[in-house]
Amino acid sequence: MKKIKSIVLFVLVAVIASMLAGCGESKPSINVFNWGDYIDEGVLKEFEKEYGVKVNYSMYATNEDLYVKLKQGGESFDVIFPSDYMIERMVREGMLAKLDKDNIPNLKNIDKSFFGLDYDPDDEYSVPYMWGTVGIIYNKTMVDDVVDSWDILWEEKYKDQIIMLNSQRDTIAVALLKLGYSMNTRNIDELEEAKAELIKQRPLVWAYQGDEVKDTMVGGEAAFAVVWSGDAVAMIRDNPDLEYVIPKEGTNLWFDDMVIPANAKNKEDAEKFIDFMCRPDIAAKNADYIGYSTPIPEAIDLLPEDMKNSKVAYPSEKEIENTEIFRDPMDIVVEYDRIWTEVLSGE
Ligand code: N2P
C-alpha cells in the first residue's frame, strides 16, 4: 500500500513538473536589441506583466555594431533601435519588415513633424523613439574660453582633456563640420581631409568613449566631450558644472526609431511592444529615466519641470536651424570604415 502511495505521489509530481515546464515553454517572448543605457528597464518589466510576453533584452554600442550583428545572423531580434541613416540602409538592403500600423494605435501620439522624413518617407518601417543633437559638453570649472566652435577640440592647451565619441559617423562629421563641409559629403577628398584633421587631433584626445563618457564627465575627469544631447541632459542632472553647446558651424540632428527586422520571429508581439512604448505615461517614464528627448508631446507634459524645460533636450526651432540629418552613405560606406580604422590606428 505504502509503495502504491509513493508511486502515485511520484507520478503526480512528475505530471505537475512537466506541466510547469510546458508553461515556461509556451510563454511568448521577444528579443529586444537596443543601445546601452537607452531604456528604463522598469518599463520592460511593466510590459512583461501587462502582456504576459517575456522580453529578452540585449545591447549594442553603435549603429555599425548593430548592423554587423544583424548581418552575422545567428540570433534573431524582434525590435531594434537604429538611427535615421542606418534605417535608410537597412530598408535599402531589405533587412526590415513593413509595420502593420493597425497594431500600433499609439502612433497617433507622436508629433506629426517626425513623420515623412527622408530615411522612411512613407513611414512604412519605423516608429520614432528618441531624437536629439550632437554637441560639446564642457566643465565650466575647467574651461575659461568661450565654447562655441568645434575648433576648441583641436586646442593644444586642452591636451588629454578631450573625449571624442567612439562612433565613426559622429566623429567624422565633427571633422567635416570643422572644415566647413557637409556631414553627408560624398567627396572623397573632403573625407580624406576630415581624416587628416582627426589624426592631427589624436594626440590631444584622452579617449574615444561611448556610454562611459557619462562617468568621465560627471566625475570631472575631462574638460570636454562630444556627446549626444540626451546623455548631456543626464550628465548635467548629476553635475551642474557641466554645460552643453551646439557649435556655430552646426551639427547633426538625429532620430532613433523602433523597427522590426525582416527575419523577426514574433512580429505580432514586437508591434505590441512598439505600441506600448508610444503610450504617453510609458514614454515619459522612459525619457525621464534616460534623459533623452521623446517625440510624444503628451509625454513631455508628464515630465518633471526641469526636464520639460530643458533647452538641451527640447531646443527651439532656431537652435536647431543649422543642423543636418545623416543620410545613408551607400557605396562610400567602405570609405567610412577605412577612414575610421585609420583614425583609430593613427595612420
Ligand atoms: C544611448 C545611445 C543614444 C544613441 N546610450 C544616440 N543616437
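Remember, it's 1-based here, ligands and their atoms both numbered in the order they're listed. Because the structure is predicted, anything quoted here is derived from the model rather than measured.
Under a cut-off of 6.0 angstrom, the local environment of OH in Y181 is crowded, with over 12 non-hydrogen atoms contributed by other residues, nucleotides or ligands.
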For R89 and M95, what are the C-alpha separation, side-chain angles and deciding distance, and is it a side-chain contact (heavy atoms from CB on, under 4.5 Å)? CA-CA 9 Å; R89 178 177 187 190; M95 295 167 71; 6.0 Å; no
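A side-chain donor-acceptor contact under 3.5 Å links W154 to the backbone of E197.
Here the protein heavy atom with the shortest distance to atom 7 (N) of ligand 1 is D256 OD2, 2.8 Å. Protein heavy atom nearest atom 2 (C) of ligand 1, with residue, atom name and distance: W35 CE3, 3.6 Å. With hydrogens left out, the protein atom closest to atom 3 (C) of ligand 1 is Y292 OH, 3.4 Å, a heavy atom.
Between F81 and F273, the angle of the ring planes goes over 60°, which puts this pair in the perpendicular group of the 30/60° scheme.
Of the polar atoms of D231, none of the N or O atoms is found under 3.5 Å from an N or O of ligand 1, judged by distance alone. Here's the thing with D211: one of its N/O atoms is less than 3.5 angstrom from an N/O atom of ligand 1.
One finds the CD1 atom of I236 at 4.5 Å from the CD1 atom of I137 (value rounded to the nearest 0.5 Å).
If you number the atoms of ligand 1 from 1 as listed, the ones under 4.0 Å from a heavy atom of G36 come out as 1 (C), 5 (N).
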